[in-house]
Amino acid sequence: MKSSGYWKTPAADRQTAPQRGITRDRAGNGGIRVTIELVTDKQADAAGNAEQRVLLEQRPDFYPEFQAALDELLRPRAGRLCFRAPSGATYVLRPAGGEGPTGLEIRLRKDHDRPADPDVVDRDLWAFLEWLMDRVGGEWSSEALGRTGAIYRMPGAPGRD
Amino acid sequence: MSGKVYRERIEIPPAVRRLYPFTSHWLEVDGFRMHYLDEGGADGKPVVVLLHGNPTWSFLYREIIPRITPFCRAIAPDYIGMGLSDKPADEGFYTLPAHTRIISRFIERLGLRNVILVVQDWGGPIGLGYALAHADNVAGMLIMNTWAWPEPSAFHDAVVPWRMLHAPFAGPHFLLRRNVLIERGLYLSTVRNRHRLRQGPVLDGYRLPYSSAGSRIAILAFPREIPRREGDANWARMRNLERGLGRIRFPCRLLWGEQDIVFPPANANRFRELIPDCAAPRMIPDGAHFVQEDAPEEIADEIIRLLEDAGR
């Protein structure tokens, strides 16, 4: 199924390269598409100095398995996870700071102050969620996410593009 | 806990106002501004308190209020975090005990006596929490499509779709950014009048107070309050509610949207078994979870019958 410019395949067919922080979706036709690519702080900084919060999770520990997966991702990276999403945009996942609720937030790095296109951000976040679910594992999977997204017609979910 | 509160001035557009032609009232409760409707006059009429669930607000009762106000005073609050009430930014604020405490203070502050409670979805645990603690101030109860025990329904225990909808990071995306419980969930959880929830002024009415991610925190918090296992938050509280059902002495009626996959008709039968002298549920075959959307006439009829049961 062609979707959002990349090919979705069942989770069982996916190969991961956690040492590089890359998920590869290997389509039936042999195509390979990188969905989420982890980048360094320096690479994230190069995306621009402006930021926009696009998601706030106040309770990352609501299910302990998510907190465990996040700890594993964040601990070796000084609490910041920088990644490039399918649109090419760069995001930073980090503790929510400043005033207001605590938790973890995802911020878009950009080189301008204009609001980001919400449709693009939605699709990028969807790719991040697929990537995250497969790292949490157990009963959580990108396939389960996709089925839920299809019911609620989420941008980026199977059957929505 | 953050003290930030989301409060915006909401202009009700004419097409929604025609559906919701009521005067807004506000009451300060626990330091928050709580919105409610107060229709039908106060001159000695019996008082009916209409409690909504998630992700709705008093708009849910717009077609029921005009049908019952010839017989009673109808009060329909919006919980803190919902509808036109204040919306604290801290998700930790939104707990079942907090909602129950605030509704208790709301009823007390308004001086409402011998109330008849009408509950659905989260209105069930909240309203029953009030009723069991203040049984001497409750004259009757209409219970619709809800639950009052800790064991989760099959729907609430499944990853797809329910638990995925409010899982870490997925929840803020589905429920805060994309608002899917309103944009899609209402439509999926109605039958007879489902067409109204696809687009148009009814859907616009539900959307109205939830215009941004920051205004939807309570919608995400409610699902996370549902216990699934012993030891979870609210497990013991829900067990206490279940045990309390056997102590109910005020008249109760049950009305159920039969096609509800969240709280199936078995829930109605369980309430009937647990509540002494409770009549058989009135089933709405072409009704689902948001039964107020599907069957406003039948609900108004049951409320009027309940007023008679209560000798009001």
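Proteins get letters first, then strands, A, B, ... in listed order; numbering begins at 1 in each.
Residues A/R147 and B/M164 have side chains not in contact (no heavy-atom distance under 4.5 Å, counting atoms from C-beta outward).
Contact annotation for A/L55: only side-chain heavy atoms (C-beta onward) come within less than 4.5 Å of a heavy atom of chain B. Contact annotation for B/R224: both backbone and side-chain heavy atoms come within less than 4.5 Å of a heavy atom of chain A. Looking at A/V136, neither its backbone nor its side chain comes within 4.5 Å of chain B, counting heavy atoms on both sides. Contacts of A/F62 with chain B are made by both backbone and side-chain atoms, with heavy-atom separations under 4.5 Å. Heavy atoms of B/A213 lying under 4.5 Å from chain A are absent altogether.
A/E72 CD: 12 or fewer foreign heavy atoms inside a 6.0 Å radius. Summarising the local packing, CZ of B/R228 is surrounded by more than 12 heavy atoms from other residues, nucleotides or ligands at distances under 6.0 Å. Other residues, nucleotides and ligands contribute more than 12 heavy atoms inside 6.0 Å of the CD atom of B/E28. Atom CG of A/D41 is surrounded by more than 12 heavy atoms from other residues, nucleotides or ligands within 6.0 Å.
Listed here is the closest heavy atom pair of A/A144 and B/V159: CB-CG1, 4.1 Å. Residues B/P168 and A/P60 come closest through the heavy atom pair CG-O, 3.6 Å.
Among A/L129, A/I151, A/L125, A/D122, the residue with the largest count of heavy-atom pairs under 4.5 Å with chain B is A/D122. Comparing A/M133, A/Q67, A/Q58 by how many heavy-atom pairs each has under 4.5 Å with chain B, the most go to A/Q58.
Residues passing the side-chain contact (heavy atoms from CB on, under 4.5 Å) test with B/R101, sequence neighbours excluded: B/D30, B/A98, B/R105.
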- Stepwise salt bridge (Lys or Arg N to Asp or Glu O under 4.0 Å) check, B/R177 with A/E57: CA-CA 11 Å; B/R177 273 188 70 86; A/E57 174 52 81; over 6 Å; no
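In this structure a side-chain-to-backbone donor-acceptor pair under 3.5 Å is missing from B/E183 to A/Y152.
How far CG of A/L104 is from CZ of B/F169: 4.5 Å, rounded to the nearest 0.5 Å. The line from CZ of A/R59 to CG of B/L220 is 8.5 Å long, rounded to the nearest 0.5 Å. One distance of note links CZ of B/F174 with CG of A/L145; it measures 5.0 Å at 0.5 Å rounding.
Between B/H173 and A/W126, the angle of the ring planes lies from 30° to 60°, which puts this pair in the tilted group.
A cation-pi arrangement, defined by a distance under 6.0 Å to the six-membered ring centre and an angle within 45 degrees of its axis, is present between B/R163 and A/Y63.
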